[in-house]
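Below is one structure; the comments refer to it alone.
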Amino acid sequence: MPLGGPRFQSEPDAVYRELRQEHGAVAPVVLDGGVPAWLVLGYRELHQVTGDPVLFSRDSELWNQWPDIPDDWPLLPMIGRKQPSILYTVGERHRERAAVISNALEAVDPFQLRALAERLADELIDTVCHKGEADLVAGYAMLLPMRVLATLFGFAEDQGPGLVGALNDMIDGRERALAGQAHLASSMARLVADRRAAPADDVVSRMLAHAADLGPDLGPGLGSGPGSRPGDEFTDEEIVQDLMVMTAAGHQPTADWIGNSLHLMLTDDRFAASLFGGRSSVAEAMNEVLWEDAPTQNVAGRWASRDTRLGDRHIRAGDLLLLGLQGANSDPRVRTHGSALTGGNNAHFSFGHGEHRCPFPAQEVAEVIARTGIEVVLDRLPDIDLAVPAGSLTRRPSPWLRGLTELPVTFTPTPALGGTRA
């Protein structure tokens, strides 16, 4: 079955269910251009794959399909070759780079982060609150996370919209994917060069400082490149690549987390009270989305380092295994009653698992941005309601992420705050 298409967008749960019924916990799928891969849908099998970085490696050089992959393949930004990013680094070098990212994000003050997110969310709501109608995806959720991250990283706030467009092009895996990747890379390279010349109190400056402490003083931009060893100097290219990963992983899934949570609260009567001043259900709705409508549906991936068996399938050395996060979340072997998992159950795969899972400081940043974004909407837009039938809403054409193309709402017009929030 192709990993994509209209039905995959409209009813992915049914697609995952049919794949599981026909093929079991590990299903054969094809990517754009007929490229074969395995989609790991079983909760236990996904736990096994993500928990064994030796047998199921993150080293994409192992892929046995590279001879048949064209240079203009639109999924190359998401399944890279010889990319010196943290995504494709293994062993001790990966742990060093993860520490660089975690330390830089841990220094973000959560109270200042919430204040920043609230200010930028208010600014976005100010542009629409007097109209009585808005698209909470294109005009809000798709803008807020990147604007917050841009400020944390050290970008000027007005660079956010251009970065959002490039990220969307790259993640959707269409004809503009490579152009989006190029724009993002050049923007990150300029920021790293600026912060090497003039450090500031931001994430990029802290990454550069911590990376310098891990290796010998070889000078800016020097080192051993993609094949670098533990203790080698971090190159500018490595920092740029890791910033691209942080930006892509921090913006779009968080934007979809906001959009999917608002969609749930607007269409499910259980959350009606939250739309009229309540707050107790916001965290519950956000957690349910991570189980039932995960922003990150599938991740590429892992590569088998040798022949093995997984879920009664023979996996050849070099085969690509796609991590079916949403499929595993809904595995009937662990979801025996098919009920919504709320109330703080965080055993979902929506942040990954194992060495390459989303770092805890990054999860905390995403949660603060998403929750603040949702609560500002509920504070600022009274009697909010969907402007179209729920069944008419559509999803973006991405095999990896699940988010709405639009979320049109109506509400009673209110005046702009203009930065005067009490």
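Note that the numbering runs from 1 along the sequence shown for the chain. Just the heavy atoms: all of them, side chains too, but no hydrogens, waters or symmetry mates, feed the values below.
Smallest separation of non-hydrogen atoms from Ala304 and Ile315: CB-CG2, 3.8 Å. Counting all heavy atoms, side chain and backbone alike, Cys358 lies closest to Gln363 at O-NE2, 2.8 Å. Residues Met207 and Met246 share a closest heavy-atom pair of SD-SD, 3.8 Å. For Thr405 against Asp135, the heavy-atom pair with the smallest separation is O-OD2, 4.4 Å.
Distance alone, capped at 3.5 Å, places no donor-acceptor pair between the Ser205 side chain and the Arg195 backbone. Although no hydrogens or angles enter the test, the distance criterion places a donor-acceptor pair under 3.5 Å between the side chain of Asn103 and the main chain of Ala99. Listed for the Thr372 side chain is no donor-acceptor partner under 3.5 Å among the backbone atoms of Ile369. With hydrogens and angles ignored, the 3.5 Å screen pairs a side-chain donor or acceptor of Asp242 with a backbone N or O of Ile86. Although no hydrogens or angles enter the test, the distance criterion places a donor-acceptor pair under 3.5 Å between the side chain of Arg20 and the main chain of Gly327. Here the side chain of Ser57 pairs no donor or acceptor atom with the backbone of Ser305 at under 3.5 angstrom. No side-chain donor-acceptor contact under 3.5 Å links Ser392 to the backbone of Val388. Looking at Asp307, its side chain does come within 3.5 Å of a backbone N or O of Ala317 through a donor-acceptor pair. In terms of modelled atom types and a separation under 3.5 Å, the side chain of Ser350 and the main chain of Leu290 share a donor-acceptor contact. Checking side-chain atoms of Asn298 against main-chain N and O of Pro399 turns up a donor-acceptor pair under 3.5 Å.
Val282 has its side chain within reach of Leu378: a pair of non-hydrogen atoms, C-beta onward, lies under 4.5 Å apart. By the 4.5 Å heavy-atom criterion applied to side chains, Gln326 and Pro12 are not counted as neighbours. Side chains of Leu149 and His251 form a contact here, defined as non-hydrogen atoms less than 4.5 Å apart. No side-chain heavy atom of Leu113 sits under 4.5 Å from any side-chain heavy atom of Asp109. You'll find the side chain of Ile69 stays beyond 4.5 Å of the side chain of Leu75, heavy atoms only. A 4.5 Å side-chain heavy-atom check between Arg58 and Trp303 finds at least one atom pair inside the cut-off. Residues Glu238 and Arg93 meet the side-chain proximity criterion, which asks for heavy atoms closer than 4.5 Å.
Summarising the geometry, atom CG belonging to Leu191 is positioned 7.5 Å from atom CD belonging to Gln159; distances are rounded to the nearest 0.5 Å. With values rounded to the nearest 0.5 angstrom, Asp312 atom CG is found 8.5 Å from Glu45 atom CD. A distance of 11.0 Å separates OG in Ser261 from CG in Leu266, rounded to the nearest 0.5 Å. To the nearest 0.5 Å, atom CD of residue Glu292 and atom CG of residue Asp13 are 7.5 Å apart. For the atom pair CH2 of Trp257 and CG of Leu262, the computed distance is 12.5 Å after rounding to the nearest 0.5 Å. Atom CG in Asp122 sits 8.0 Å away from atom CD1 in Ile125 (nearest 0.5 Å).
Partners of Asn64 by side-chain hydrogen bond (donor to acceptor under 3.5 Å, both in side chains), not counting sequence neighbours, listed by chain and number: Asp319. Checked against side-chain hydrogen bond (donor to acceptor under 3.5 Å, both in side chains), Thr247 has no partners two or more places apart in sequence or in another chain. Listed by chain and number, the residues in a side-chain hydrogen bond (donor to acceptor under 3.5 Å, both in side chains) with Arg306 amount to none (sequence neighbours excluded). The side-chain contact (heavy atoms from CB on, under 4.5 Å) search around Arg206 returns Ala104, Ala107, Val108, Asp201, Val203, not counting sequence neighbours.
Between Asp256 and Arg402 no salt bridge is recorded (no basic side-chain N to carboxylate O distance below 4.0 Å). Between Glu18 and Arg7 there is a salt bridge, with a side-chain nitrogen of the basic residue lying less than 4.0 Å from a carboxylate oxygen of the acidic one. The existence of a salt bridge linking Arg395 and Glu11 is excluded, since no basic side-chain nitrogen approaches an acidic carboxylate oxygen closer than 4.0 Å. Between Arg114 and Glu375 there is a salt bridge, since a side-chain N of the basic residue sits under 4.0 Å from a carboxylate O of the acidic one. Ionic pairing of Asp236 and Arg196 is present here: one or more N-O contacts between side-chain nitrogen and carboxylate oxygen are shorter than 4.0 angstrom.
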Give every donor-acceptor pair under 3.5 Å between a side-chain atom in residues 137-147 and any protein atom, sequence neighbours left out.
unit_1	atom_1	unit_2	atom_2	d
Tyr140	OH	Gly373	O	2.7

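Remark: the His348 side chain and the Asn329 side chain contain no N/O donor-acceptor pair separated by less than 3.5 Å. A donor-acceptor pair shorter than 3.5 Å cannot be found between the side chains of Thr89 and His94.
For residues 18-46, the ring pair (Phe, Tyr, Trp, His ring centres under 6.0 Å) pairs, not counting sequence neighbours, are Tyr43-Phe349.
Between Trp63 and Trp66, the ring planes are perpendicular. Angles over 60° get that label, and only those under 30° would be called parallel. Ring-plane geometry between Tyr16 and Phe8 is classed as perpendicular, the angle between the planes exceeding 60 degrees on a 0 to 90 degree scale with a lower cut at 30.
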